[in-house]
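See structure below.
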Amino acid sequence: MAQPPSANPPFTAALLAGGIAGTTVDLSLFPLDTLKTRLQSSAGFFPSGGFRGVYRGIGSAVVGSAPGAAFFFCTYEGVKDILSQARRRRDSVQGGSGGRRSAWASEALEHMAAASLGEVAACAVRVPTEVIKQRAQAGQHGGSSAGALRAILGQYSTVGISGVWRELYRGWGITVMREVPFTVIQFPLWEALKGWGRRRIQAQQPQVQVGAGSSSPVVVEVGAGESALYGSISGAIAAGLTTPLDVLKTRVMLSKERESVFTVLRTLYASQGVRPFFAGIGPRIMWISAGGAIFLGSYQWTVNTLQGNRKDS
């Protein structure tokens, strides 16, 4: 069966939906993110704050959530659309797509590429806000986002603008190394599950007349609840598999001195073995599973509302 048609959201819809989704998920699940950060901190869970002050650092999350998610989805949807159009043109020239399996593999690769570029774009906003947020969450600088930002900006007199810039983007490399594999797992899974949902909806609905004597399938899209379920499943799988990268990112961002990812990796493995690389895996899976539901459910709801998509009720 052919893939049912679905309209890729235009730039403005992706911008608005991404901003709303990012803000919604970060504010909803901030306490779980704080607990996960403290579990991964080299200072230990209770010295970093334990269960107290779980909303420390929320200011930076509020500032960075909407633009970060908007950057991601605008890039993701734009690249996905460009790649899918190129594939359709190529298939039309070659007289066919080469079968269902070939089309599925091509779509999965397109989603991987689009998600990877989307994450790189989002990290331009996400990394500085993560640095400030995690230092506040770990109890540094009085547990204040503003205090963490002032401490970084206060280094200007000794390290200059380039030093401040490097400090704000500390952990850029490991963040990209974590986020790209995560999205390469999550988004193709989410898109594949949505594709299955669209085929199920199309199989249950009649064809509608479009113009005199012609018919065409209704452009369908899954509803927000179904998208949330698929987002939760794909997010939980991706979260579990990328926990070691998340631990490394947290250690790099919280270290008092600048250290390379490989230095942190060697030190951590030599002193404590494999176990610390899975610190916080439970809260991370819970947080991202719930976050995937809220993030991709609210994104789908906003896109469907803006575009008036036919949805499964």
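Numbering of residues begins at 1 and proceeds along the displayed sequence. Keep in mind that this is a model prediction, so the values were computed, not measured.
- Taking 4.5 Å as the limit, every side-chain heavy atom of P9 sits out of range of all side-chain heavy atoms of L306.
- Nearest heavy-atom pair across V164 and I152 is CG2-O, 3.7 Å.
- In this structure, S144 OG and I58 CD1 are separated by 12.5 Å, a value rounded to the nearest 0.5 Å.
- Ring centers of F295 and F73: under 6.0 Å apart, within the cut-off.
- Partners of D33 under the salt bridge (charged side-chain N to carboxylate O under 4.0 Å, His left out) rule, at least two apart in sequence or in another chain, are K36, K133.
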Quiz item: Hey, mind stepping through L168 and V127 against side-chain contact (heavy atoms from CB on, under 4.5 Å) and telling me if it holds?
Solution: CA-CA 7 Å; L168 281 171; V127 171; over 6 Å; no

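- Considering OG1 of T129 and CD of Q134, their distance stands at 9.5 Å, rounded to 0.5 Å.
- Taking the ring pair (Phe, Tyr, Trp, His ring centres under 6.0 Å) definition, one finds that F11 meets it with nothing, sequence neighbours left out.
- Legend: residues meeting salt bridge (charged side-chain N to carboxylate O under 4.0 Å, His left out) with E167, ordered by chain and number and at least two apart, are R135, R170.
- The line from CZ of F182 to CG of L245 is 11.5 Å long, rounded to the nearest 0.5 Å.
- Counting only heavy atoms from C-beta outward, the side chains of L15 and F71 never approach each other to under 4.5 Å.
- Distance alone, capped at 3.5 Å, is enough to place a donor-acceptor pair between the R38 side chain and the Q137 backbone.
- Although no hydrogens or angles enter the test, the distance criterion places a donor-acceptor pair under 3.5 Å between the side chain of T183 and the main chain of V180.
- Annotation for Y76: atom OH counts as buried by contact number, over 12 foreign heavy atoms lying within 6.0 Å.
- Annotation: salt bridge (charged side-chain N to carboxylate O under 4.0 Å, His left out) contacts of R150 (sequence neighbours excluded): none.
- Using modelled atom types, no side-chain atom of S232 and backbone atom of A293 make a donor-acceptor pair closer than 3.5 Å.
- Within the 4.5 Å cutoff, no side-chain heavy atoms of V131 are placed close to those of Y169.
- A cation-pi arrangement, defined by a distance under 6.0 Å to the six-membered ring centre and an angle within 45 degrees of its axis, is present between R200 and W196.
- Within the 3.5 Å criterion, the main-chain N or O of I20 finds no donor-acceptor partner in the side chain of T23.
- Each of R178, E179, R284, K249 was compared with T242 under the side chain to side chain donor-acceptor pair (under 3.5 Å) criterion, and only R284 meets it.
- Connection of V63 to V125 is not established within any shared hydrophobic cluster, with ILVMFWY side chains joined at heavy-atom distances below 4.5 Å, either directly or through further cluster members.
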Quiz item: L189 and I233: side-chain contact (heavy atoms from CB on, under 4.5 Å), yes or no, with the steps?
Solution: CA-CA 9 Å; L189 276 175; I233 294 169; over 6 Å; no

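- Under the side-chain contact (heavy atoms from CB on, under 4.5 Å) criterion, S227 pairs with W190, K194, V222, L296, Q300, not counting sequence neighbours.
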Exercise. Just do the side-chain contact (heavy atoms from CB on, under 4.5 Å) check on I237 and Q186 with the steps written out, would you?
Key: CA-CA 7 Å; I237 294 170; Q186 183 188 31; over 6 Å; no

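- In this structure the side chain of L39 reaches within 4.5 angstrom of the side chain of P283, judged on heavy atoms.
- Residues in residues 269-279 take part in no salt bridge (Lys or Arg N to Asp or Glu O under 4.0 Å) pair, two or more places apart or across chains.
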Quiz prompt | E191 vs K80, salt bridge (Lys or Arg N to Asp or Glu O under 4.0 Å): CA-CA, chis, key distance, verdict | solution = CA-CA 11 Å; E191 293 280 9; K80 188 174 71 170; 2.8 Å; yes

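- When every heavy atom of A108 is checked against every heavy atom of P188, the shortest pair comes out as O-CG, 4.1 Å.
- Crowding of W301 atom CH2: a count of heavy atoms from other residues, nucleotides or ligands under 6.0 Å not exceeding 12.
- In this structure, the ring of F187 has its center less than 6.0 angstrom from the ring center of F72.
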Self-check item: Pair T263-S260, side chain to side chain donor-acceptor pair (under 3.5 Å): steps then yes or no
Solution: CA-CA 5 Å; T263 299; S260 72; 2.8 Å; yes

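- Applying the salt bridge (Lys or Arg N to Asp or Glu O under 4.0 Å) test to every pair with at least one member in residues 46-57, sequence neighbours left out, gives no pairs at all.
- Shown here are the side-chain hydrogen bond (donor to acceptor under 3.5 Å, both in side chains) partners of S298, two or more places apart in sequence or in another chain: there are none.
- The side-chain hydrogen bond (donor to acceptor under 3.5 Å, both in side chains) search around T267 returns none, not counting sequence neighbours.
- Listed by chain and number, the residues in a side-chain contact (heavy atoms from CB on, under 4.5 Å) with L117 are T75, V79 (sequence neighbours excluded).
- With a 4.5 Å cut-off on side-chain heavy atoms, S84 and E107 do not count as touching.
- Expressed to the nearest 0.5 Å, how far OG of S106 lies from CD of E110 amounts to 6.5 Å.
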Exercise. Determine, step by step, whether Y156 and I161 satisfy the side-chain contact (heavy atoms from CB on, under 4.5 Å) criterion, reporting the C-alpha distance in whole Å, the side-chain angles of both residues, the deciding distance to 0.1 Å, and the verdict.
Key: CA-CA 6 Å; Y156 174 76; I161 188 66; 4.1 Å; yes

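- Put simply, the side chain of Y269 reaches to within 4.5 Å of the side chain of V274, judged on heavy atoms.
- Among all heavy-atom pairs drawn from I132 and S145, the shortest one is CG2-O, 3.3 Å.
- Residues meeting the salt bridge (charged side-chain N to carboxylate O under 4.0 Å, His left out) test with E119, sequence neighbours left out: R126.
- Pairs engaging residues 9-29 under the salt bridge (Lys or Arg N to Asp or Glu O under 4.0 Å) rule: none recorded [sequence neighbours left out].
- Taking CG of L268 as the reference point, atom CG of L248 lies at 7.0 Å (rounded to 0.5 Å).
- Here L193 contributes atom CG and R198 contributes atom CZ; the two are 11.0 Å apart, rounded to the nearest 0.5 Å.
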